[in-house]
Structure formats: C-alpha cells, structure tokens
Amino acid sequence: AVADLDRVLAASPFRDDALVLRAYVRLLLPGPDLAAARADLDRAVEANALNARAFNLRGLVRRRAGELPGALEDFTRALALDPEFWIAALNRAEARAESGDLEAGVADYSSVLRARPSCSLALFGRGELFKRLGRKGEARADFERFLKEFPKHPRVGEAATILRALDTE
C-alpha cells in the first residue's frame, strides 16, 4: 500500500489526501514509523491547511511521540476546521485528561456524547474523569449507563469495579 501511494505522490507530490493515507498506513504497519508518518502529515498540512483529518492524525502521532502540547494544538485545529469531527474531540479529550486538564476533558467527552450518544470510549472516559474530579454522582451515572448499554464491552469488569468502589467511598 505504501508503494502504491509513493507512486501517486511521485506524480503529484502535494496531494494532501494521499499524504494522510500514506501516514495512516505507515502507522498501521508493524513497527510503525512515526517519523515518516509525521513527515507526511507535516507536508499534508503544508499542502492544505484546511485538512482537519491531517491535523487530527498528526495530533495522534505527536501524542504518541510524547509531544502533548503539540498534539493538543493539532486536535484543536482539527476541531476549528470541522466542529462536527467528533473523533478529534475524543482524541483531544484523552490528551487533555493526560495533561491533567480534567474539566476540559469532560467538556470534550460530553461534546462527543452529544454527537455520538453510543460512543463507549467517551462514556467510559468521562466517567473516569468525573471520578478523578470527585464528582461521584456523575461518575456513577456514566458507569451505570456504560454497563447497561455495553454489556459485552471488554471494559465491563473494570466499569463494574469502579462502580462498586464508588458505592463504598
């Protein structure tokens, strides 16, 4: 797949869609090449500063590389370009939680749940942040909803454990 995209880019070096796709493929391959993916995404945003997907994917690469402030900038830019891009909001929520900005993480998870009420990752993540913020009632509500709506989810056991701990606190 990378070779095919190399040929496309040889003919048209600034096709931002092809650069984003090649970066994505690079990330999926065993032993992902973060530097090459980052270079593709830097070129993609240079070629088209309106490509929200390029900013979002570059944010993921930057977060993976430990560049949390840059990742947050990219997720925010992706959302400024496409406010309905709920995956960028989910990624920013996770990055904000990682950076310790828990209230902003809750806000992003909540926006994801408004756009995609059945997003298990947002519901679980928001519940975790509510718990960390000491907002036990809201955490309890999210984890109860999670257990009800996603009974076969791989994190059901963890959600049940958190819920039990909330009940004993």
Evaluate the criterion side-chain contact (heavy atoms from CB on, under 4.5 Å) for residue pair Lys136 and Phe130; output intermediate values, then yes/no. CA-CA 7 Å; Lys136 294 178 190 178; Phe130 281 146; over 6 Å; no

To the nearest 0.5 Å, tell me how far Glu84 CD sits from Ser111 OG. 9.5 Å

For the atom pair CD1 (Ile87) and CZ (Arg116), what is the distance rounded to the nearest 0.5 Å? 7.5 Å

Work out which heavy atom in Phe75 is nearest to a heavy atom in Ala95; give both atom names and the distance. CE1-CB, 3.9 Å

Apply side-chain contact (heavy atoms from CB on, under 4.5 Å) to Glu103 and Arg96, showing your working. CA-CA 9 Å; Glu103 290 290 352; Arg96 283 177 160 175; over 6 Å; no

Carboxylate-amine/guanidinium proximity below 4.0 Å for Arg92 and Asp74: no

Heavy atoms only: give me the nearest Ala139-Gly127 pair and the separation to one decimal. CB-O, 3.6 Å

Going through the distances and angles, do Phe85 and Arg53 end up as a side-chain contact (heavy atoms from CB on, under 4.5 Å)? CA-CA 9 Å; Phe85 193 9; Arg53 272 104 189 109; 3.8 Å; yes

If I take atom NZ from residue Lys148 and atom CD from residue Glu144, how far apart are they, to the nearest 0.5 angstrom? 10.0 Å

If I compare all heavy atoms of Asp40 with all of Ala23, which pair ends up nearest, and what's the gap? OD2-N, 3.7 Å

Can you find a heavy atom in the side chain of Leu27 that is under 4.5 Å from one in the side chain of Leu34? yes

hydrophobic_cluster_shared for Tyr24 and Val61, side chain cutoff 4.5 Å: yes

d(Leu102 CG, Glu128 CD) to nearest 0.5 Å is 11.0 Å

Using the salt bridge (Lys or Arg N to Asp or Glu O under 4.0 Å) rule, take Glu67 and Arg38 through it: C-alpha gap first, then chi angles, then the decisive distance, then the call. CA-CA 12 Å; Glu67 300 171 28; Arg38 170 70 186 270; 2.9 Å; yes

Consider side chain to side chain contact (heavy atoms under 4.5 Å, CB included). Of Leu21, Asn51, Asn91, Leu41, which one does Leu57 pass it with? Leu41

Roughly how far, to the nearest 0.5 Å, is the CG atom of Leu113 from the CZ atom of Arg126? 5.0 Å

Cluster check Leu90, Phe146: I/L/V/M/F/W/Y, side chain < 4.5 angstrom: no

Under the rule for side-chain contact (heavy atoms from CB on, under 4.5 Å), what residues qualify as partners of Ile162, not counting sequence neighbours? Phe124, Lys131, Phe143, Glu158, Leu166

Checking Arg77 against Phe55: charged group under 6.0 Å from the ring centre and within 45 degrees of the axis? yes

Can you name the closest pair of heavy atoms from Gly105 and Leu129 and give their distance? C-CD1, 3.6 Å

Side-chain touch Ser120/Arg155, heavy atoms, less than 4.5 angstrom: no

Heavy-atom neighbours of Phe150 CZ exceed 12 at 6.0 Å: yes

Stepwise salt bridge (Lys or Arg N to Asp or Glu O under 4.0 Å) check, Asp167 with Arg140: CA-CA 8 Å; Asp167 289 337; Arg140 183 177 292 104; 2.9 Å; yes

Nearest heavy-atom pair of Pro117 and Arg145: which atoms, and what distance? O-NH2, 2.5 Å

Is it the case that the side chain of Thr76 and the backbone of Glu73 share a donor-acceptor pair, with hydrogens and angles ignored and the cut-off at 3.5 Å? no

Should Leu19 and Val45 be regarded as members of a common hydrophobic cluster, given that ILVMFWY residues are connected when their side-chain heavy atoms come within less than 4.5 Å of each other, either directly or indirectly? no

Roughly how far, to the nearest 0.5 Å, is CG of Leu79 from CG of Asn56? 8.0 Å

Closest approach of Trp86 to Ala115 (non-hydrogen atoms, all atoms of both residues): CB-CB, 4.1 Å

